[in-house]
Structures are given as structure tokens and as C-alpha cells.
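Chain A is the first sequence line, chain B the second, and so forth, proteins listed ahead of strands; every chain is numbered from 1.
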2 protein chains.
Amino acid sequence: MPRIGMEPQRRDALVRATISEIAVSGAADITVARIARRAGMSPALAHHYFGSKDNMLLAAMRHVLFVFAAEVRGALVMADTPRERLTAIVRACFAPSNFRDEVVAAWLNFYVQAQREGQTRRLLHIYHARLRSNLMYALRPLSDDPERLAEGIGAMIDGLYVRQALRRDNLTSAASTDLVLDYIEKALTR
Amino acid sequence: MPRIGMEPQRRDALVRATISEIAVSGAADITVARIARRAGMSPALAHHYFGSKDNMLLAAMRHVLFVFAAEVRGALVMADTPRERLTAIVRACFAPSNFRDEVVAAWLNFYVQAQREGQTRRLLHIYHARLRSNLMYALRPLSDDPERLAEGIGAMIDGLYVRQALRRDNLTSAASTDLVLDYIEKALTR
DNA sequence: TTCTTAATTGAGCCGTCAATCAATAACAAC
DNA sequence: GTTGTTATTGATTGACGGCTCAATTAAGAA
């Protein structure tokens, strides 16, 4: 019994279901049928709204990136000094909404997909550039080689994500945050 | 025209081809047919020697891990002091045989596969444990929180691998090495 | 009421891919 | 030269997954 105005709900449910499904099945074994079932609809309807499986994956990625960006932006408004800005960025990276198991697993799979899929690659480059730019802005007054340090921080964050995706005995998000903040602290005091 | 004693060559060729194919096609789009074609034989022969596609992927991973372990071991024999040991390990991680684009791409895909495939996961845990143990042994005389620092170093290395897999403008292996060594240096001088 | 439009799905087409099998060819051993 | 073993492949099978389509239902517009 079709009610009207379902498109937003359906799209939203599919995006959520895609992320969950990536986490439990892995990107390799994902199927439109499974995503649709989890979202409570037929595969045909999923295709109706998204056109293709690739579009579903891209929409899921955009959602993850959007939430991430919002978290960072939100954390930055309350930060005044460069040091506070750094802390805010790192905290945002490991905030619960971003560092949830589901989302972390999704990230890992986006990285893989970016190796061959142009659009995914482009989105990931935008994320990289934005994080780098945020870090640089905060680091410039504090470090004599901000570029280098930003690269190191970014790499460590990425690495902690990857490791989180594989762990059974989870490192808490707080421990990850502290590890990166320690690194920054040590790297700044010369 | 079949010659005898082909098994070792065929297995080797298939392992190499699997790694190359992961790099160019991505783990999602990999097929036995493509691997076999690249290795210069029919898909049926690939199945004859390995039994299944999963076995091929596992064999490729074991090969990568074996080369990695050999590189680390080789670098460590010439190291006497703890500091030299640290440098040797990091150098080995980014040595050409391990940090080649092909191999880096393979690593990323192993991580993804480890999310759901038990054997892959186990192999990856062994690698993690070994790297961690090597680092700890060198760090214990130098740091008052070697555990923490080993985790940080491991994460940064993993992160640099992931980033390498996506880059067009490649960071040289030397730059990656320096970044990690810098981190260690800063983290040790308290 | 009638028409249009959105929502929704079951059935099915088409392609692909892992895995199997039967058949062939070369070699070795006796 | 007969027998057995290894190497090798083309053809085939069986399953599965992305995607399409025609058909159905209901809501709103005219």
C-alpha cells in the first residue's frame, strides 16, 4: 500500500542499511538484495531510487563523509587557540559517531573502492585535503614543518582506523585520541 | 605440450599474478580467469593446483608476509643497539620489496578480507604480533611506555601504507621512513 | 469520477564466474 | 609398447547477482 512522499525515508533507510551491510558482510560480498532486505523493501525498489549498486555505495560514502565533516565543524566552533583547534580535530576523528565499528568498517571499504572507482577516489581526496587544511591552519603557528606533521597525524589517524576495523579487543576511542595527541605534543616541543 | 615438474613454476607464477591482479583490478573484481590469463595458463589449471580461488588469495598473502618477514629479519641481523634495531625495522617496512605499489595494494585488500575470512584474519594477527614484539624488544630499554609507543608506530606505518595505496603523487619510501623515525625520535627524548 | 503520478514488487533476462569433467598429450617406468 | 602419471585445456554446469519490466495499488488533481 504505497503512501506518497516516501523517497526521503527510503533513501535514508537504504544508506543506513548499506553501511550496516558493509560492516557485516564486507564490501566483497555485498548484494543489492541484502541491502534492500535490511532496509525492509524489495531489491527493485532500491534500484528504483538509486539506479545502481554503485550509486548506493557512493551515497553511503557521502553520508559518512558528511557526518564526519559536521562533527569536525562542530568541534571547531568552540576552539579559539591553535592548540584547542588541534585537540578538537583529533577528538572529532574519534568521536562516537565516526569511530563506531560500522562506520570504521565502511571507511576501510571506501579506501579499497577508491583504488579503482574514480568518484570514490575523488571524494576521498576531498576529505584528505580538508583534514590536511584544517590541521595545517592550526599547526602553522606551532610547528616549523607543519606540512610534514600534518602528514604524520593524518597517517596515524588512518592507521588507527584500519586497526580498529580488525580488532576484537577494541582500543577505546579515548586511547586512540590520546595516542595522537601525545604524538602532537611530542612533535611540537622541540 | 606438457613438460613434467611444472608445479613449482606454475604455483609461483599464479601467486605473482594474483598480487598483480589485486593491484590493477582491486580485490572486488578479481577473477580466477584473469589471474590465470596473466600467469599464462587456463583457469582450469589454476584450479588444478590451488583447488579454489580463496586458496590462491591466501597463498598470495602468505607470500607477501613471507617476503616481509625475511626483509625484517635480514635488516635486524646487522643491528646491535636498540636504536639500530628500531631503525632497521622501520627501514624494512618501507624497503622497495615491501613498499612497491603492487604489494601495498595487496596489503590493503588483505585487510578487507580479514574482516570476514578467518584464515586471513589469523595471518594478519600473526604479522601484527610479530611486528609488535620486534618493536617492544627494541623499545623497552628506551621508553617508559613501550607498549603505547609500539601501538603508535604500528598505526603510523599502517596509515602510511593505506595512503600510499591511494596516492598518484607518490610519497617516496624515504619520506615515509623519515616520518616514522622522526616520530620515534621525538617520542623517545622526554 | 477519471486521469495522472508515485510507490511497490514478482518474475525473469542476461551476464559472469567458480568449479568440474572428460579428453588429449607428453613423459616415465617396466 | 603397454601402463600409469602428470600437465593441460575446452566445454559445461550450476549458482548467483545486477538490473529491467510489466503489472498492481493507492494517493492526489482535474
Side-chain angles (χ1 to χ4, degrees), chain A residues 1-61 109-110 112-113 116-120, chain B residues 1-61 109-110 112-113 116-120:
Chain A
M1 40 340 238
R3 290 155 296 169
I4 70 154
M6 293 302 288
E7 179 155 357
Q9 284 113 290
R10 292 304 198 187
R11 292 186 91 97
D12 195 59
L14 282 169
V15 165
R16 278 175 215 283
T18 303
I19 294 171
S20 302
E21 201 60 35
I22 289 176
V24 302
S25 303
D29 297 343
I30 226 173
T31 76
V32 174
R34 279 229 272 277
I35 297 173
R37 175 145 26 95
R38 185 180 288 268
M41 68 193 85
S42 74
L45 193 55
H47 273 102
H48 173 66
Y49 283 124
F50 280 97
S52 75
K53 179 182 169 181
D54 273 345
N55 281 346
M56 286 181 230
L57 293 173
L58 277 174
M61 181 175 182
N109 287 284
F110 295 151
V112 171
Q113 198 175 358
R116 52 171 180 77
E117 214 276 311
Q119 191 66 18
T120 309
Chain B
M1 37 345 231
R3 292 154 294 169
I4 71 153
M6 294 301 288
E7 179 155 356
Q9 286 113 289
R10 293 303 199 188
R11 290 186 93 94
D12 195 61
L14 281 169
V15 165
R16 278 176 215 282
T18 302
I19 295 171
S20 302
E21 200 61 33
I22 289 175
V24 303
S25 303
D29 298 344
I30 228 174
T31 77
V32 174
R34 280 228 272 276
I35 296 173
R37 174 145 26 95
R38 185 180 288 267
M41 69 193 84
S42 74
L45 194 55
H47 273 101
H48 173 66
Y49 283 123
F50 280 96
S52 75
K53 178 182 170 181
D54 273 344
N55 281 345
M56 287 181 230
L57 293 174
L58 276 174
M61 182 175 182
N109 287 285
F110 294 151
V112 171
Q113 199 176 356
R116 52 171 181 77
E117 214 278 310
Q119 192 66 19
T120 309

For this session: Establish, with yes or no, whether the OP1 or OP2 oxygen of dT6(D) is under 4.0 angstrom from a side-chain nitrogen or oxygen of Tyr49(B).
Result: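 Negative; the distance criterion is not met.
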Exercise. Using a cut-off of less than 4.0 Å, is there contact between a side-chain N or O of Arg10(B) and OP1 or OP2 of dT6(D)?
Worked result: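 So the side-chain polar atoms of Arg10(B) never come under 4.0 Å of the phosphate oxygens OP1 or OP2 of dT6(D).
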For [X] and [N], what is the distance between atoms [atom1] and [atom2] respectively, to the nearest whole Å?
X	N	atom1	atom2	value
Asn55(B)	dA18(C)	CG	P	14 Å
Gln9(B)	dT6(D)	CD	C1'	13 Å
Leu57(A)	dG18(D)	CG	C1'	12 Å
Asp54(B)	dC17(C)	CG	P	16 Å
Glu7(B)	dT8(D)	CD	P	10 Å
His47(B)	dA18(C)	NE2	P	7 Å
Met6(B)	dT6(D)	CE	P	15 Å

Those residues that, when tested against [X], pass side-chain contact (heavy atoms from CB on, under 4.5 Å) (two or more places apart):
X	value
Ala44(B)	Ser42(B)
Ala59(B)	Val15(B), Phe50(B)
Ala27(B)	Asn109(B)

Mind checking what makes side-chain hydrogen bond (donor to acceptor under 3.5 Å, both in side chains) contact with [X], not counting sequence neighbours?
X	result
Glu117(B)	Thr120(B)
Arg34(B)	Glu21(B), Ser25(B)
Glu7(A)	Arg11(A)

Could you list the protein-to-nucleotides 10-15 of chain D atom pairs, N/O on both sides, closer than 3.5 Å?
none

Problem set entry | Minimum-distance pair of heavy atoms, taken over all atoms of Ala13(A) and Met41(A) |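 Closest approach of Ala13(A) to Met41(A), heavy atoms only: CB-CE, 4.4 Å.
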Exercise. What nucleotide among dT20(C), dT8(D), dG18(D) has an atom nearest to a side-chain atom of His48(B)?
Worked result: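 Shortest atom-to-atom distance from the side chain points to dT8(D).
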For this session: Using the test salt bridge (charged side-chain N to carboxylate O under 4.0 Å, His left out), find all partners of Arg37(A) that sit at least two apart in sequence or belong to another chain.
Result: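 For Arg37(A), no residue satisfies salt bridge (charged side-chain N to carboxylate O under 4.0 Å, His left out) once neighbours in sequence are set aside.
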For this session: Return the set of residues passing salt bridge (charged side-chain N to carboxylate O under 4.0 Å, His left out) with Asp12(B) (not counting sequence neighbours), or none when no residue passes.
Result: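 Arg16(B).
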Problem set entry | Pairs flagged by side-chain hydrogen bond (donor to acceptor under 3.5 Å, both in side chains) wherever residues 43-56 of chain A is involved - sequence neighbours left out |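 Output for this query is empty, none listed.
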Problem set entry | Strand-adjacent residues in residues 25-41 of chain B, judged by heavy atoms under 4.0 Å from DNA chain D |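 Met41(B) - these, ordered by number, are the residues of the stretch whose heavy atoms sit under 4.0 Å from the strand.
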For this session: Could you list by number each residue of residues 13-23 of chain B showing a heavy-atom separation from DNA chain D of less than 4.0 Å, or answer none if no residue does?
Result: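 Nothing qualifies; none.
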Problem set entry | Evaluation steps, side-chain contact (heavy atoms from CB on, under 4.5 Å), between Ile22(B) and Phe110(B) | CA-CA 10 Å; Ile22(B) 289 175; Phe110(B) 294 151; 4.2 Å; yes
